[in-house]
Amino acid sequence: MAGFAGRLARCWYSGFLRSPLQVPALGLHVGGPAMQTSQKDFNNAVSQLKLLKEDPGNEVKLKLYALYKQATEGPCNVPKPGMLDFINKTKWDAWNALGSLSKEAARQNYVDLVSKLSASSESPSPEAPAADRKQPESDSLVVTSGDGITTIRLNRPTKKNALTTQMYHDIIAALQAASKDESPITVLTGSGDYFCSGNDLTNFTSLPAGGPEEMARSSAVLLRDFVNCFIDFPKPLVAVVNGPAVGISVTILGLFDVVYATDRATFHTPFSHLGQSPEGCSSYTFPKIMGSSKAAEMLLFGKKLTAQEACAQGLVTEVFPDSTFQKEVWARLKAYSKLPPNAMRISKQIIRDREKEKLHAVNAEESNVLRERWLSDECMNAIASFLSRKSKL
Ligand SMILES: CCCCCC/C=C/C(=O)SCCNC(=O)CCNC(=O)[C@H](O)C(C)(C)COP(=O)(O)OP(=O)(O)OC[C@H]1O[C@@H](n2cnc3c(N)ncnc32)[C@H](O)[C@@H]1OP(=O)(O)O
């Protein structure tokens, strides 16, 4: 596991998945006929968990943590961690949510869950997508080239293609490579049912040594570098929006040359809900594309647009029925990729270059504003609320 995902997983594991093994035998009482789990079964499950081949994901780890604590210590009776202590607060919330569940029932649930996880980790995993070039650091991004098209695919479908810190770095590298490769056209798309659910909100949970201020500073630098790559991209850049898009995956669309969407796609920028502010140059591109009041409805009030609405407002170039989306879009892109590449580059240059300086200034300003926003109570509360499963969009 690379980058943020790895760090978070290590953090979770060091926080609790490892600790059960250090606990001596507990001698728990078995409650009744429905509760047949012995202490031995429980200890076996604790050991079995260490042997899982696949990371079960943070939500499951959280559930296991809560059940383990309940099974070994009973109902949560320790003080709630502070608001900035995201990880311990999330763990505390999960344990506390089990209320007065008996130790025996928690032990049974824990054993059942581990046995389910062990069974599913033994079934064969799907084949990795083929790639004909050096792949990014993490499997969450897949880059392929063929038929005159370089495709950068967000590949974290179980997390709705939410962007981890590592993915931002990998996309920057992929765009830099694509800007110099042989393909006349570059495409960004997603695997699974979502295009992208935006920034991975758990990015904010692994605080660096410098604390929240350092986290906000380094995130603002990464955001600025990421968006700059889209501003400066020299070739036709096409978004193939295969499903709903959220947050930064919507705002950057204003920097693409063409946006094709399935009729299943939606476009959602819930920045106020998250205590955040617009990025991806959308504070400038959206009012230009759709007019200031339509842009305000999206960027201030988080109005979610259907694909048809986004098309009517100029953010999307064309909408296709989901059943024929992939076939029609790729056939069309394949045909476009045969056009003279230099002519396409030069045309893009003429269309975009006079705006570049402005876009860089907007990007820098939006990143600075967000740096402050990320430290606000409004933003921290919204993220804590999502992480503790109290809220969804
Ligand atoms: C360098 C930093 C730059 C930062 C730039 C600023 C960027 C700002 C933004 O992008 S703001 C937008 C942030 N995104 C969100 O707030 C979306 C949050 N997600 C949701 O509300 C929902 O997950 C959903 C509506 C996208 C999908 O709902 P549903 O269909 O019910 O699926 P699940 O919620 O069960 O999702 C499956 C799985 O994915 C995890 N997940 C989805 N999106 C995110 C996300 N953005 N961050 C972290 N995790 C996400 C979700 O938790 C589930 O995980 P689980 O299976 O429970 O482990």
Side-chain angles (χ1 to χ4, degrees), residues 3-5 8-9 12 54-65 86 90 94 117 120 140 154-172 190-206 208 214-230 243-253 264-283 298-299 302 304 363 366-376 378-379 381-393:
F4 168 73
L8 184 69
W12 285 115
E54 280 171 23
D55 182 337
N58 288 329
E59 195 184 355
V60 174
K61 286 188 239 173
L62 198 56
K63 220 176 264 172
L64 287 163
Y65 166 77
F86 285 122
T90 307
L117 290 170
S120 65
S140 302
L154 309 174
N155 188 43
R156 240 188 132 210
T158 56
K159 300 289 177 186
K160 311 293 181 194
N161 296 325
L163 297 170
T164 61
T165 303
Q166 183 63 49
M167 286 166 79
Y168 287 104
H169 287 292
D170 284 342
I171 293 168
I172 290 173
S191 298
D193 62 341
Y194 257 65
F195 176 56
C196 172
S197 62
N199 188 41
D200 188 312
L201 294 175
T202 63
N203 284 344
F204 293 120
T205 57
S206 75
E214 175 52 24
M215 184 213 66
R217 190 203 62 78
S218 59
S219 301
V221 170
L222 179 57
L223 171 63
R224 200 195 51 212
D225 292 349
F226 176 76
V227 175
N228 277 341
C229 283
F230 289 90
V246 183
I248 191 164
S249 71
V250 177
T251 55
I252 53 168
L253 295 178
R264 261 193 331 100
T266 51
F267 298 82
H268 194 189
T269 47
F271 299 127
S272 299
H273 299 69
L274 293 167
Q276 299 188 31
S277 51
E279 79 302 273
C281 292
S282 58
S283 62
M298 280 191 85
L299 298 176
K304 191 196 281 187
N363 182 27
E366 288 177 344
S367 303
N368 274 337
V369 171
L370 260 175
R371 176 179 169 178
E372 298 295 321
R373 279 279 91 211
W374 286 326
L375 296 172
S376 70
E378 286 179 345
C379 178
N381 286 336
I383 292 170
S385 179
F386 174 78
L387 295 177
S388 59
R389 306 288 148 191
K390 286 196 200 109
S391 76
K392 241 184 220 188
L393 293 175

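Indexing begins at 1, ligand by ligand and atom by atom, following the structure's order. Being a predicted model, the structure only gives us computed values, none of them experimental.
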TODO: Using atom types as modelled and distance alone, determine if a side-chain donor or acceptor of T90 lies under 3.5 Å from a backbone N or O of L387.
DONE: no

Task: S219: numbered ligand 1 atoms lying under 4.0 Å from its heavy atoms - done: 1 (C)

Open item on the list: Which of the numbered atoms in ligand 1 are under 4.0 angstrom from any heavy atom belonging to E279?
Closed with: 6 (C), 7 (C), 8 (C)

Task: Under 3.5 Å: donor-acceptor pair, side chain of R217, backbone of R371 - done: no

Task: Proximal candidate to atom 27 (C) of ligand 1 [heavy atom criterion; set F386, Y194, Y168, F204] - done: Y194

TODO: For ligand 1, note which part of F226 has a heavy atom under 4.0 Å away: side chain, backbone, both or neither.
DONE: neither

TODO: May I ask you to identify, for L222, whether its side chain, its backbone, both or neither come under 4.0 Å of ligand 1 on a heavy-atom basis?
DONE: side chain

Open item on the list: Using a 4.0 Å cut-off to any heavy atom of A162, which atoms of ligand 1 qualify?
Closed with: 44 (C), 45 (C), 46 (N), 47 (N)

Task: Which atom of F195 lies closest to which atom of G243, heavy atoms considered - done: CB-O, 3.4 Å

TODO: Check if N203 has a non-hydrogen atom at a distance under 4.0 Å from any atom of ligand 1.
DONE: no

- [ ] Report yes if some N/O of K159 lies less than 3.5 Å from some N/O of ligand 1; otherwise report no.
- [x] yes

Task: Whether S219 side chain and A216 backbone form a donor-acceptor pair below 3.5 Å - done: no

TODO: Kindly determine whether F230 and T251 satisfy side-chain contact (heavy atoms from CB on, under 4.5 Å), including the steps that lead there.
DONE: CA-CA 11 Å; F230 289 90; T251 55; over 6 Å; no

- [ ] For S197, counting its heavy atoms only, list the atoms of ligand 1 lying under 4.0 Å from any of them.
- [x] 13 (C), 14 (N), 15 (C), 17 (C), 26 (C), 42 (C), 43 (N), 44 (C), 45 (C), 46 (N)

TODO: Ignoring angles and geometry beyond distance, decide whether L201 reaches within less than 3.5 Å of ligand 1 through its nitrogen or oxygen atoms.
DONE: yes

TODO: Describe, in one word, how the ring planes of W374 and F204 are oriented to each other, choosing from parallel (under 30°), tilted (30 to 60°) and perpendicular (over 60°).
DONE: tilted

Task: T158 contact mode with ligand 1 (heavy-atom cut-off under 4.0 Å) - done: backbone

TODO: Please assess Y168 against N199 for the test side-chain contact (heavy atoms from CB on, under 4.5 Å), listing each intermediate value before the final yes or no.
DONE: CA-CA 9 Å; Y168 287 104; N199 188 41; 2.7 Å; yes

- [ ] Check whether any N or O atom of W374, backbone or side chain, sits under 3.5 Å from an N or O atom of ligand 1, and answer yes or no.
- [x] no

Task: Any N or O of V246 closer than 3.5 Å to N or O of ligand 1 - done: no

Open item on the list: I'd like to know if the side chain of T269 and the backbone of M298 have a donor-acceptor N/O pair within less than 3.5 Å.
Closed with: yes

Open item on the list: When you measure from the side chain of D200 to the backbone of T165, do you find a donor-acceptor pair of N or O atoms at a distance under 3.5 Å?
Closed with: no

TODO: Heavy-atom contacts with G198 under 4.0 Å: which atoms of ligand 1 show up? List them by number with element.
DONE: 10 (O)

